[in-house]
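Scroll down for the structure; my scribbles are underneath it.
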Amino acid sequence: MSDCIFCKIIDHEIPSAIVYEDEDVLAFEDINPLAKVHILIIPKKHIATTADLCEEDAAVVGKIYLVARKIAEEKGMAEDGYRIVNNCKFFGGQEVFHLHFHLLGGEKLGQFV
Ligand code: AMP
Ligand code: ZN
């Protein structure tokens, strides 16, 4: 997707602080962190929203969760815990329409609706 900011990050057209990369998944620091640790984990395939997932995407979503677990361990968050958030479309507060999972932690997080 030529006009997708996260596809541009994948293609290194826009700089980002990458914390993990493999052939299917990229993880990078959120530019506007909402917690001490705030990392975005995305599939390299352009999938706009959770509502656009299809059967063949199940593996990459599973992989994203394993990457989240790995990063959480590396950041020392495994014992105290952390949060993984996916916002879907307008009511969910999604602003960037390339599927992404927020990995938040490093401190006690507030509750949300
Ligand atoms: P969402 O509201 O779930 O769509 O979240 C989009 C997230 O992307 C926000 O937390 C933004 O701070 C983050 N974001 C937007 N542009 C960039 C960028 N160039 N690099 C890193 N994070 C970004
Ligand atoms: Zn994209």
Side-chain angles (χ1 to χ4, degrees):
M1 283 282 287
S2 57
D3 60 345
C4 170
I5 189 167
F6 286 177
C7 283
K8 287 180 176 159
I9 286 174
I10 291 163
D11 293 338
H12 302 282
E13 288 175 35
I14 293 177
S16 70
I18 292 172
V19 296
Y20 176 89
E21 181 167 17
D22 66 27
E23 64 272 25
D24 303 311
V25 174
L26 185 72
F28 52 97
E29 305 275 359
D30 194 293
I31 205 167
N32 181 28
L34 300 176
K36 281 185 181 164
V37 176
H38 188 171
I39 290 163
L40 300 175
I41 310 173
I42 67 174
K44 287 193 170 174
K45 175 185 175 186
H46 180 87
I47 302 164
T49 80
T50 292
D52 298 293
L53 284 167
C54 57
E55 292 289 330
E56 69 181 27
D57 300 324
V60 75
V61 174
K63 193 169 186 180
I64 283 169
Y65 267 78
L66 291 173
V67 168
R69 189 193 72 174
K70 174 181 160 61
I71 295 169
E73 287 170 0
E74 288 171 0
K75 297 281 185 185
M77 305 196 297
E79 188 173 335
D80 289 335
Y82 46 89
R83 183 176 295 159
I84 297 167
V85 175
N86 167 244
N87 298 325
C88 181
K89 295 190 173 178
F90 177 59
F91 273 21
Q94 185 175 6
E95 292 180 350
V96 177
F97 282 76
H98 180 127
L99 184 70
H100 55 279
F101 295 80
H102 300 255
L103 172 62
L104 298 147
E107 61 186 316
K108 178 74 174 79
L109 302 170
Q111 295 301 321
F112 64 100
V113 289

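For ligands, and for the atoms within them, numbers begin at 1 and follow the listed sequence.
For ligand 1 and N87, the ligand atoms under 4.0 Å from any heavy atom of the residue are 1 (P), 2 (O), 3 (O). Contact atoms of ligand 1 toward N32: 12 (O) (distance under 4.0 Å to a heavy atom of the residue). Short contacts between ligand 1 and L40, defined as distances under 4.0 Å to a heavy atom of the residue, involve ligand atoms 8 (O), 13 (C), 22 (N). Those atoms of ligand 1 that come under 4.0 Å of a heavy atom in Q94, given as number and element, are 4 (O). For ligand 1 and I9, the ligand atoms under 4.0 Å from any heavy atom of the residue are 18 (C), 19 (N), 20 (N). Of all atoms in ligand 1, numbered sequentially from 1 with element shown, those under 4.0 Å from a heavy atom of F6 are 8 (O). Heavy-atom contacts of H102 reach the following atoms of ligand 1: 1 (P), 3 (O), 5 (O), 7 (C), 10 (O) (cutoff under 4.0 Å).
Atom OH in Y82 sits 15.0 Å away from atom NE2 in H38 (nearest 0.5 Å). Of the inter-residue distances, the one linking I71 atom CD1 with L66 atom CG reads 11.0 Å to the nearest 0.5 angstrom. Taking CD from E29 and CG from L103, the interatomic distance works out to 10.0 Å, rounded to the nearest 0.5 Å. From C7, atom SG reaches atom CG of L26 across 10.5 Å, with rounding to the nearest 0.5 Å. Note: L34 CG to N32 CG = 5.5 Å, rounded to the nearest 0.5 Å. One finds the CG atom of L40 at 4.0 Å from the CG atom of D30 (value rounded to the nearest 0.5 Å).
In this structure, the protein non-hydrogen atom closest to atom 1 (P) of ligand 1 is H100 NE2, 3.1 Å. Closest to atom 16 (N) of ligand 1, if we only count protein heavy atoms, is I5 CD1, 3.9 Å. The shortest contact between atom 9 (C) of ligand 1 and any protein heavy atom is with D30 OD2, 3.4 Å. Shortest contact from atom 23 (C) of ligand 1 to any protein heavy atom: I31 CG2, 3.5 Å. From the protein, the heavy atom lying nearest to atom 2 (O) of ligand 1 is G93 O, 3.0 Å.
Summary: ND1 is the N/O/S atom of H46 found nearest to the Zn ion (ligand 2).
The Zn ion (ligand 2) forms the vertex of an angle spanning SG of C7 and ND1 of H98; to the nearest 10 degrees it equals 110°.
Both Y20 and L99 belong to a common hydrophobic cluster when Ile, Leu, Val, Met, Phe, Trp and Tyr are linked at side-chain heavy-atom distances under 4.5 angstrom.
Not a single donor-acceptor pair under 3.5 Å links the side chain of D11 to the backbone N or O of K8. Judged purely by atom type and a 3.5 angstrom limit, E107 uses its side chain to pair as donor or acceptor with the backbone of K36.
At under 3.5 Å, not a single nitrogen or oxygen of I14, backbone or side chain, sits near a nitrogen or oxygen of ligand 1.
Nearest to atom 4 (O) of ligand 1 by heavy atom, out of E95, E29, H98, K8, is E95.
H100 and H102 have their aromatic ring centers within a separation under 6.0 angstrom.
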